[in-house]
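So the structure is just underneath, and the comments pick up after that.
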Amino acid sequence: MTTLAAVVALAGSTGQAMAAEDRGNDFTALVRYTENGVAHIKANTFGGVGYGYGYAAATDNVCVIADMYVTLAAQRSRFFGPDAPGNVALSDAATSLSSDLYFQQVNDSGLIEKGMRQPAPLGPKPEVRELVRGYVAGYNRFVAEGRVTDPACRGAAWVRPISEIDVYRHLHALLVLAGEGQLMDGITSAQPPAAAAQSPAAVPAGLGDRVRAAMESKKDMGSNAFALGRDASANGRGLLVGNPHYPWQGGRRFWQAQLTVPGRMDVSGASLLGLPLVQIGYNRDVAWSHTVSTPVGFSLYQLKLTSPTTYLVDGKPEAMTNRTVRVQVRGADGKLSTVERTLWSTRYGPVLGGGFGLPVAWTRDTAYALKDANVDNFRGLNMWFDFDLARSTGDIVRSLSTNLASPWVNTIAADRSGNATYADIQVVPNITDELAKKCNTPLGNAIFQDTGLAVLDGSTTGCAWGNDKDAVQPGLFGPSRQPLLTRGDYVENANDSAWLANPHQPITGYPRIIGDIGTARSPRTRMAITELDGRKFSRQSIQDMLFSDRSLMGQLTVTDVVAMCRTLPDVGNACDSLAKWDRTFTSASRGAALFGRFWKQVPPDAWKVPFNPADPVGTPNTLDTARPEVRKAFTDAVAVLRAANIPFDAPLSDSQYVTRNGEKISVHGAPGNLGVLNVLTPVRDNGQGSPDIIHGSSYIQAVSFTDSPCPDARTLLTYSQSTDPTSPHFADQTKLFSRGKWVRGRFCEWDIWTSPQLKVLFLKG
């Protein structure tokens with residue numbers, strides 16, 4: 001066991017060594033691992049912290065990170081073949097060829113290099129540049145050592161050293177993920193039309209609903225976040241729960257670390273793999289989280305063509321630009337060849353060949369271009385750097401406002417003084433409702449109210465995005481016109497718009513592109529407000545609330561469903577099993593598997609009492625069990641469980657689990673449409689139950705501020721720190737999650753050095 005004298009001696013000698021060794025780019029870092037492989041990285045410079053982060057993150061996840069760098073270098077087709085899937089962490093490209101064509105075009109354009117060269121605030125701050133330089137050196141050191149143990153990439157030629165441009169390419173791909181990233185196949189497939197191609201005669205009826213559904217289907221992320229202020233926390237200080245629902249596989253996994261530069265930065269939390277800053281976390285005075293937001297970060301422009309590649313602007317013809325892109329492709333015989341394709345663009349952005357089921361075919365007289373507001377956003381790392389140094393929720397808001405860099409997320413924060421803040425201040429095209437009314441084409445008019453996606457007239461400069469004086473970049477809404485709320489009780493978000501961040505002070509007055517107002521809230525939002533409103537919480541009690549796995553839809557409907565069940569033929573003991581169900585999705589819950597499969601098939605409008613904006617939390621309600629679709633959903637659920645040999649009263653753990661190194665680990669939670677806050681979206685295999693998770697609760701933190709300078713925090717990385725199946729931290733936190741346990745957040749020096757599982761690594765570059 002480590003003695004106090006040994007701790008003090010080691011801390012002192014290590015600090016002296018770091019001070020003596022850290023010169024210029026000769027990076028040094030101290031990496032201290034506490035329980036479950038959480039890394040506490042300390043250095044005297046930001047470069048040193050980046051160095052430790054790069055080395056430690058690669059140690060745990062080199063295969064996943066290297067796969068992203070292969071993707072960003074447009075070399076997936078070379079190593080994996082053109083028909084292999086794209087990297088879903090970076091885009092929705094269906095194939096590696098489509099992914100490579102897009103990223104090669106970006107790389108050929110020099111866009112990222114241009115963004116890197118800009119001085120702050122438009123380009124990276126000096127401290128951020130230093131962090132990135134250190135990260136690259138640390139990552140490359142691990143690769144050079146050749147100690148890869150993960151069979152997914154051990155000995156693979158595509159695990160290579162990187163340079164700083166790779167990190168900025170990664171950041172850029174993440175920022176455009178909800179725009180160009182979702183429409184990549186439409187960008188790479190757009191080609192000038194055949195002479196006979198004609199535009200559709202009219203906009204199809206019901207298109208708005210279909211496009212909205214298509215846009216929703218693209219979302220593989222969500223989140224909850226609750227900030228409690230002085231009036232809702234048990235001790236009168238701030239309390240925050242961050243609960244992002246991100247993918248369990250691939251490059252959008254989180255990795256936990258504490259980053260410390262004495263006297264300058266001390267922050268703990270998690271970041272997406274490959275980004276050497278804490279993105280969701282806490283320091284001594286403030287804690288924050290993000291939730292996926294509703295603003296649409298792009299628009300389309302409809303072009304009037306005078307030739308297949310010429311369009312009109314203010315009555316004058318303007319030629320499209322084109323770039324011939326070449327990528328290497330590995331054939332079935334292993335030989336490399338070159339695929340060449342010309343991609344087309346306009347003053348607004350790339351020409352689009354399709355996406356979201358929109359009728360946007362490139363015809364002889366019409367084309368459509370995509371304008372993504374995040375294309376020129378190189379400010380994201382600056383924003384998170386400022387977050388890491390913040391001392392209040394006011395500092396968080398200032399960072400959001402001055403950088404205006406948040407790509408597609410809300411920010412929820414609580415601080416030591418007892419402030420609870422919700423901010424949807426992010427990169428949003430400056431498309432007012434007035435501009436949309438004036439400039440939307442018939443296609444835009446058909447979908448804008450349902451989706452927030454504008455399709456503007458590209459034939460006139462009068463339909464350009466507007467400019468706000470307080471926006472750091474032209475064409476964006478300034479922070480003063482975006483939703484912001486600070487209260488003493490609570491704010492919450494569960495991926496709905498800003499309207500009901502707190503139902504006692506609804507946020508209104510923002511334009512449609514930012515989100516809707518006065519519309520039905522999701523079951524998760526209704527559940528969050530139901531759980532939070534009028535109560536006070538301690539850190540422990542709000543953890544217990546999150547992991548109670550209560551289902552709002554179960555609470556609202558199960559009595560009526562049981563009554564319906566008793567009128568149905570051939571359902572065995574399903575009715576009795578459901579009557580005994582405790583309305584939760586804990587691992588021990590019996591009847592949850594049946595209700596979950598039933599509710600998945602229930603139409604969203606199957607209510608007797610419709611939504612009422614005067615009662616947005618209580619409506620809709622009263623399931624219409626007489627509807628044939630509802631009755632069929634139940635009998636289908638019965639049939640599914642019977643076919644899978646899952647008893648109706650079996651505990652949820654029998655059919656909802658993940659498999660790690662051959663071991664089944666049960667996991668609790670449920671899809672968000674059930675009104676369960678602890679979201680898990682399982683892979684459904686009706687023969688085996690639910691053997692893995694697509695996305696759901698990922699990095700979770702519950703942070704309370706007390707009279708101590710050390711935050712009282714508990715965290716959990718549900719899928720664990722490492723993707724390497726040979727690592728001791730491949731599934732250790734997953735097993736904790738299975739049992740509803742959390743990890744003590746060790747923040748202050750004494751907590752770190754006295755960890756019973758302390759391991760110390762000293763790195764010198």
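- For R746, the salt bridge (Lys or Arg N to Asp or Glu O under 4.0 Å) partners two or more places apart in sequence, or in a different chain, are E35.
- In this structure a side-chain-to-backbone donor-acceptor pair under 3.5 Å is missing from R539 to S704.
- Defined by atom type and a distance below 3.5 Å, a donor-acceptor pair is present between the side-chain atoms of T421 and T393.
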**Item:** Candidate pair T726 and D724, rule side chain to side chain donor-acceptor pair (under 3.5 Å), full reasoning
**Value:** CA-CA 5 Å; T726 71; D724 180 354; 2.8 Å; yes
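- With a 4.5 Å cut-off on side-chain heavy atoms, R237 and D707 count as touching.
- Atom CG of L171 sits about 13.0 Å away from atom CG of D166, to the nearest 0.5 Å.
- Nearest approach of L259 to L277, heavy atoms of both residues: CD1-CA, 3.9 Å.
- A distance-only check finds a donor-acceptor pair linking the side chain of Q721 to the backbone of G37 [under 3.5 Å].
- H695 has its side chain out of reach of R252: every pair of non-hydrogen atoms, C-beta onward, lies at least 4.5 Å apart.
- By the salt bridge (Lys or Arg N to Asp or Glu O under 4.0 Å) test, R264 is found to be paired with no residue, residues two or more places apart in sequence or in another chain being considered.
- Across all their heavy atoms, P711 and V703 have their closest contact at CB-CG1, 4.2 Å.
- The two residues T525 and E492 make their nearest non-hydrogen contact at CG2-OE2, 3.8 Å.
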Passes side-chain contact (heavy atoms from CB on, under 4.5 Å), W753 versus L758? Steps please.
CA-CA 7 Å; W753 286 112; L758 181 69; 3.6 Å; yes
**Study point:** Residue pair F547, I700: steps toward the side-chain contact (heavy atoms from CB on, under 4.5 Å) verdict
**Key:** CA-CA 11 Å; F547 276 7; I700 315 174; 4.0 Å; yes
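- Here the rule is side-chain contact (heavy atoms from CB on, under 4.5 Å) with F737, and of D732, L717, L680 only L680 fits it.
- The distance from the CD1 atom of I529 to the OH atom of Y490 is 5.5 Å, given to the nearest 0.5 Å.
- A salt bridge links R714 with D712: the distance from a Lys NZ or Arg NE/NH1/NH2 to an Asp or Glu carboxylate oxygen falls below 4.0 Å.
- Inter-residue side-chain proximity for P244 and I280 is flagged as met; some heavy-atom pair is nearer than 4.5 Å.
- At distances below 3.5 Å, not a single donor-acceptor pair connects side-chain atoms of R660 with backbone N or O atoms of K735.
- In this structure, a donor-acceptor pair under 3.5 Å is absent between the side chains of S223 and H245.
- Put simply, the side chain of D654 reaches to within 4.5 Å of the side chain of P651, judged on heavy atoms.
- Checked by atom type and distance alone, the side chain of R154 pairs as donor or acceptor with a backbone atom of T149 at under 3.5 Å.
- Two residues are said to be in side-chain contact when any heavy atoms from C-beta on lie closer than 4.5 Å; C153 and V148 meet this criterion.
- A distance of 6.0 Å or more separates the ring centres of Y55 and F27.
- T260 places no side-chain N or O within donor-acceptor distance of the main-chain N or O of P262, the cut-off being under 3.5 Å.
- Using a 3.5 Å distance cut-off with no hydrogens or angles, the side chains of D266 and Q258 do pair a donor with an acceptor.
- Using a distance-only test at 3.5 Å, with no hydrogens or angles considered, no donor-acceptor pair links the side chain of S589 to the main chain of L652.
- Taking CD of Q279 as the start and OG of S271 as the end, the distance is 5.5 Å to the nearest 0.5 Å.
- Residue pairs that meet the salt bridge (Lys or Arg N to Asp or Glu O under 4.0 Å) test with at least one member in residues 49-71, sequence neighbours left out, are D67-R76.
- A salt bridge between K219 and E216 is present, with a side-chain N of the basic residue lying under 4.0 Å from a carboxylate O of the acidic one.
- A side-chain donor from one of D692 and Q249 sits under 3.5 Å from a side-chain acceptor of the other.
- V292 and N495 make their closest contact through O-ND2, 2.8 Å (heavy atoms, listed as atom of the first residue, atom of the second, distance).
- One side chain, N243 or S697, offers a donor N or O that lies under 3.5 Å from an acceptor on the other.
- Taking the side chain as every heavy atom from C-beta outward, V676 and P671 never approach each other to under 4.5 Å.
- Nearest heavy atom pair, residue G591 against residue W581, reads C-CD1, 3.9 Å.
- Not a single donor-acceptor pair under 3.5 Å links the side chain of N678 to the backbone N or O of S548.
- Here the straight-line distance linking atom CG of N283 with atom CZ of F705 works out to 6.5 Å at 0.5 Å rounding.
- Here R391 pairs with D285 in a salt bridge; the nearest charged N to carboxylate O distance falls below 4.0 Å.
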- Message: Test side-chain contact (heavy atoms from CB on, under 4.5 Å) on H729 and Y33; report intermediate values, then the result.
- Response: CA-CA 11 Å; H729 306 301; Y33 292 98; 6.0 Å; no
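- Between H290 and the options N410, N493, T411, a side-chain contact (heavy atoms from CB on, under 4.5 Å) holds for only T411.
- One finds the CG atom of L72 at 8.0 Å from the CG atom of N87 (value rounded to the nearest 0.5 Å).
- A side-chain N or O of T584 and one of D582 form a donor-acceptor pair less than 3.5 Å apart.
- Two residues are said to be in side-chain contact when any heavy atoms from C-beta on lie closer than 4.5 Å; Q256 and Q733 meet this criterion.
- For the ring pair (Phe, Tyr, Trp, His ring centres under 6.0 Å) test with W255, the passing option among Y53, Y719, Y246, Y699 is Y53; the others fail.
- Here the closest heavy-atom approach between residue W742 and residue Q701 is recorded as CZ3-C, 4.2 Å.
- Taking the six-membered ring for Trp, F537 and F226 have ring centres at least 6.0 Å apart.
- In this structure a side-chain-to-backbone donor-acceptor pair under 3.5 Å is present from N224 to L677.
- Between the Q426 side chain and the L400 main chain, no donor and acceptor come within less than 3.5 Å of each other.
- Going from atom CG of D496 over to atom CZ of R526 covers 11.0 Å, rounded to the nearest 0.5 Å.
- Looking only at distances, a side-chain donor or acceptor of S738 sits under 3.5 Å from a matching main-chain atom of S666.
- Using a 4.5 Å heavy-atom threshold, the side chains of R284 and C748 count as touching.
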Residues L381, M383; criterion side-chain contact (heavy atoms from CB on, under 4.5 Å); working and verdict: CA-CA 5 Å; L381 292 180; M383 178 188 73; over 6 Å; no
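- No side-chain donor from either of R253 and N61 sits under 3.5 Å from a side-chain acceptor of the other.
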